[in-house]
Amino acid sequence: MVERAIRPIALTRKNALFAGSDGGAEHWAVIASLIESCKLLGVEPHGYLADVISRIVDGHAQSRLDDLLPWSYPLMPQLQVVA
């Protein structure tokens, strides 16, 4: 059970060895931290990253970057199945 839980961490660490440069490794670490933070907070990582990148491209103010962090990201309410 524990081995299965830490497997993604070990794979990420192995993949980070091939970042190509110190700058690439730092960028990898930032993205990996954002993704894991999303998972811990119940935010869907792919949707979060796509939305945040589009907001930055659309001109989100640099003074308000804290609004784009996973813990500030508005959670969508879960849809209930109506039977």
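- Taking both residues in full, the closest heavy atoms of D67 and H60 are given as CB-NE2, 4.2 Å, listed atom of the first, atom of the second, then distance.
- Under a 3.5 Å cut-off, the side chain of S54 and the backbone N or O of A50 do form a donor-acceptor pair.
- Criterion: ILVMFWY side-chain heavy atoms under 4.5 Å apart, direct or through other members. Under it, V57 and L68 are not part of a common hydrophobic cluster.
- P70 pairs in a side chain to side chain contact (heavy atoms under 4.5 Å, CB included) with only one of the listed residues (L49, I35, V52, L41), which is L41.
- Cluster membership check: W71 shares its hydrophobic cluster with V43, using side-chain heavy-atom separations under 4.5 Å among Ile, Leu, Val, Met, Phe, Trp and Tyr.
- Remark: I31 CD1 to E36 CD distance equals 12.5 Å, nearest 0.5 Å.
- With hydrogens and angles disregarded, no donor-acceptor distance shorter than 3.5 Å links the side chain of Y48 to the backbone of L34.
- Residue-environment remark: NE2 (H27) stays at or below the threshold of 12 foreign heavy atoms within 6.0 Å.
- L69 and I53 are assigned to two separate hydrophobic clusters, defined by single-linkage of ILVMFWY side chains at heavy-atom distances under 4.5 Å.
- Contact check for C38 versus E44: no side-chain heavy atoms found under the 4.5 Å cut-off.
- Salt bridge R55/D58: absent, no basic N to carboxylate O contact under 4.0 Å.
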